[in-house]
Protein chains: 2
Amino acid sequence: MSFIKKPVTGMRDILPEEMELRNYLMDTIREVYESYGFSQMEAPVVEHIENLTSKQGGDNEKLIFRIMKRGEKLAESGEALKNGDFDALTDSGLRYDLTVPLSRYYSNNQAKLQKPFKALQIGPVFRADRPQKGRFRQFVQCDIDIFGDPTNLAEKELILATTEALSRIGIDKYGLKVYINDRRILFGMVSFAGFPAEDAEKILIVLDKADKIGAEGVDEELRSMGYAEESISKLRSILDSYKGSADSVRAMGRDIDNEEIKAACENVADIMESIAAMKSRNISLCFDPKLVRGMGYYTGTIFEAKVESFGSSVCGGGRYDKMIGRFTGQDVPAVGFSIGFERIVTILLEGGCELPKQKEKLAVLMEKGMSPEKVGEIFELCEEERRKGRRVFVAWMAKNKKFQKEGLANEGYGEIREFFNN
Amino acid sequence: MSFIKKPVTGMRDILPEEMELRNYLMDTIREVYESYGFSQMEAPVVEHIENLTSKQGGDNEKLIFRIMKRGEKLAESGEALKNGDFDALTDSGLRYDLTVPLSRYYSNNQAKLQKPFKALQIGPVFRADRPQKGRFRQFVQCDIDIFGDPTNLAEKELILATTEALSRIGIDKYGLKVYINDRRILFGMVSFAGFPAEDAEKILIVLDKADKIGAEGVDEELRSMGYAEESISKLRSILDSYKGSADSVRAMGRDIDNEEIKAACENVADIMESIAAMKSRNISLCFDPKLVRGMGYYTGTIFEAKVESFGSSVCGGGRYDKMIGRFTGQDVPAVGFSIGFERIVTILLEGGCELPKQKEKLAVLMEKGMSPEKVGEIFELCEEERRKGRRVFVAWMAKNKKFQKEGLANEGYGEIREFFNN
């Protein structure tokens, strides 16, 4: 049996150069979030299969990496197998986001946590997506979540903290825009426009395609699904009439006679006005009534941040007040904002990112055959340089020394010292 | 279907307080290793099942978390299942160490990497161990490895760097001792003592139990396996006569007429003498001829670091010159030293660890019902404090304010400011 050199399908090896950027980004994001009072914690990457297949995870549930049972438990599931029941073979899987494990974590550790609990998580998640450019099956997310605050103070903090983190790592210059909506506005519009209530989810799935197929594409698809032209026009009219500013949200709340919509508009407008009032910050926050976030667990506010020049969303989040109750029987308000770390890395690698000044790098090359005593002296010298804060790389002189020195220079070794046998 | 609150069996949730310690340790270890010229990289946590089940991983191969195939590939394996062939269902698994993925990584990326390549990896590995105190199924390892240096300059660097990292995080005061041996000495002794060559691995497995069952226990077991008393005594005599100092290694090399042993003794003595010559460092490095490291892939030097007062090994490593050839057909020298991060964390949590001075923490409490304008002003104030380098936690005043303030004080909030409605 010979070994396989490439990583598993859809996953990738990270080279040292990119690792430096990633570490800088994660350290900076962590520093910013901690300054907002968020505490980093960690949950395992493996989750109970029951927690991953609750039907709330949307499309992600189809993409779970399932882990097989072991030993006796595996043997016991043999019967189920004969009926083609593969699910009986697994008891756990790799998490596909950080929200489900965090909710389990919060439910499990509530008594020991701050109130409200402001969580920071940076870690890998796993989705068995069809492999494509820029999309990997193991990727990092950076999430902040606030548990225990039913007011939109939490939303405001998440938006302030996240935009500050993105600004600090240099995303600003690519044009960062945040979009906000509310699930209650989505459901309210669909209901107000006269669509059947039980079809709301289906209709929102179509609306979610707006970025890809355009407004006409959405309307066409709704027509082809058999919905009344009147409802389609009414919905289109609402979407066109109310978007952008806090005033437009307030107008929607005034104009549309639907209790859910009125409450949600008050919520969204208030958040937008508070953010706009922050003069020391220059946050672009717009109301987007057609913003749909795929997770079924959102209950209120939803938001998304996009980088203009790249057209892709870099962060997403929302309120999910009914999640903890699924674990404990008692609901706890929860709202989070997740940074798509890999997209950020891609944007910065393509656009260029200036890392802060690194430590000086010194390379020490020794001629082969150097005596142990001489090597020892050189080692002591290196230790001294390290105490002065330099990174010191020691190696034997290569046969092709010119090539070796060029390589070192390319890697930022500003000084190369050579030691020869006497 | 209701959700499960506890983590999966054998894994655990990490609370914010421990997370701070872990971050400090990982940052410090990373800083030290980088000062030795090591470059951090990352490989996926998922590995090809072929790479994980090569028979070289020792006991770890029995403890693999296997991942099920998906979609068509899963359906296709239905036939194999009817024969009870569970293995046909999996194509990958979670890595049980960092060495196998690193070797695959090196084989896959060789052309783009420094020569010699000095790798630093910090990441989780997974073993489905029987759950027990202090042993978790997901745990972090910190490894440094050097590829492309066939000389023991690499071993010396690994020992210097690892002991420095452990010293910097405060493990020194618990009494750190490093033990060194060589697989060739192990095989050489077994052969010289007259045991059958094909039984060497079995005999070393028994020798490896010395810490648990003692010298007499080892000899007893060898007797019960049917080996000649003469061989058992001869081996015991060698183990007793040569241990501890570099001189004893040199003596073994002189006294025992076995080529493998002579070469290995020269190697080990030279490493020990170089390390002892480092006067600025005070590294306790002893020769332990009965040190056996469980992995079948070690080819030469092996080492282990122990913390006296805890009796457990905190780091382990060795040379594995034949690994890369399994991937590429061409051997590349490789040697590594792995820190058992969780053991370090346990030792420091139990013994006490002083984290360096943290940023000042300010808590801001606001009376409920505060106007959006007032909240905005308070937000601006918080931003200013953050710009000054403080961590600022904002929350509504709780009903039980006294309890709230006590909790904040316990978490290190040195200042609490309260804002009331006028």
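We name chains A, B, ... by the order of the sequence lines, and we start the count at 1 in each one.
With chain B as partner, the option from Ser35(A), Ala363(A), Gly389(A), Gly37(A) having the largest number of non-hydrogen pairs under 4.5 angstrom is Ser35(A). For chain B, the option among Arg281(A), Met366(A), Glu18(A) with the highest count of heavy-atom pairs below 4.5 Å is Arg281(A). Contact count versus chain B (heavy atoms, under 4.5 Å) is highest, among Glu380(A), Glu20(A), Met11(A), for Glu380(A).
For Arg12(A), the part lying under 4.5 angstrom from a heavy atom of chain B is the backbone only. If you measure heavy-atom distances from Asn410(A) to chain B, you find no contacts under 4.5 Å at all. When heavy atoms are compared at a cutoff of 4.5 Å, Glu273(A) does not approach chain B at all. Neither the backbone nor the side chain of Val100(A) comes within less than 4.5 Å of any heavy atom in chain B. Of the two parts of Lys279(B), the backbone and the side chain both hold a non-hydrogen atom closer than 4.5 Å to a non-hydrogen atom of chain A. Within the 4.5 angstrom heavy-atom criterion, only side-chain atoms of Val375(A), from C-beta onward, approach chain B. Contact annotation for Ala277(A): only backbone heavy atoms (N, CA, C, O) come within less than 4.5 Å of a heavy atom of chain B. For a residue to count as touching a neighbouring chain, one of its non-hydrogen atoms must lie under 4.5 Å from one of that chain's; by this rule Glu34(B) touches chain A with backbone and side chain alike. Both the backbone and the side chain of Lys6(B) come within less than 4.5 Å of a heavy atom of chain A. With a 4.5 angstrom heavy-atom cutoff, Phe403(A) does not touch chain B via any of its atoms. Heavy atoms closer than 4.5 Å to chain B are found in both the backbone and the side chain of Val394(A). With a 4.5 Å cut-off on non-hydrogen atoms, Ser280(A) touches chain B through its backbone and its side chain both. With a threshold of 4.5 angstrom between heavy atoms, Arg168(A) does not approach chain B through any atom at all. Heavy atoms closer than 4.5 Å to chain B are found in both the backbone and the side chain of Gln40(A). Of the atoms belonging to Tyr413(A), it is side-chain heavy atoms, and not backbone ones, that fall under 4.5 Å from chain B. Neither the backbone nor the side chain of Phe136(A) comes within contact range of chain B; no heavy atom of the residue lies under 4.5 Å from a heavy atom of that chain. Both the backbone and the side chain of Leu74(A) come within contact range of chain B, each with at least one heavy atom under 4.5 Å from a heavy atom of that chain. Heavy atoms closer than 4.5 Å to chain A are found in both the backbone and the side chain of Val45(B). Contact of Leu94(B) with chain A is made through the side chain alone, with heavy-atom distances under 4.5 Å.
Stacking of Arg386(A) on the aromatic ring of Tyr36(B) is recorded, both the 6.0 Å distance cut-off and the 45° axial limit being met. In this structure, Lys118(A) forms a cation-pi arrangement with Phe393(B), its terminal cationic atom sitting closer than 6.0 Å to the ring centre and no more than 45° off the ring axis.
Of the inter-residue distances, the one linking Glu47(A) atom CD with Asp91(A) atom CG reads 12.0 Å to the nearest 0.5 angstrom. In this structure, NZ in Lys5(B) is found 7.0 Å from OG in Ser107(A), a value given to the nearest 0.5 Å.
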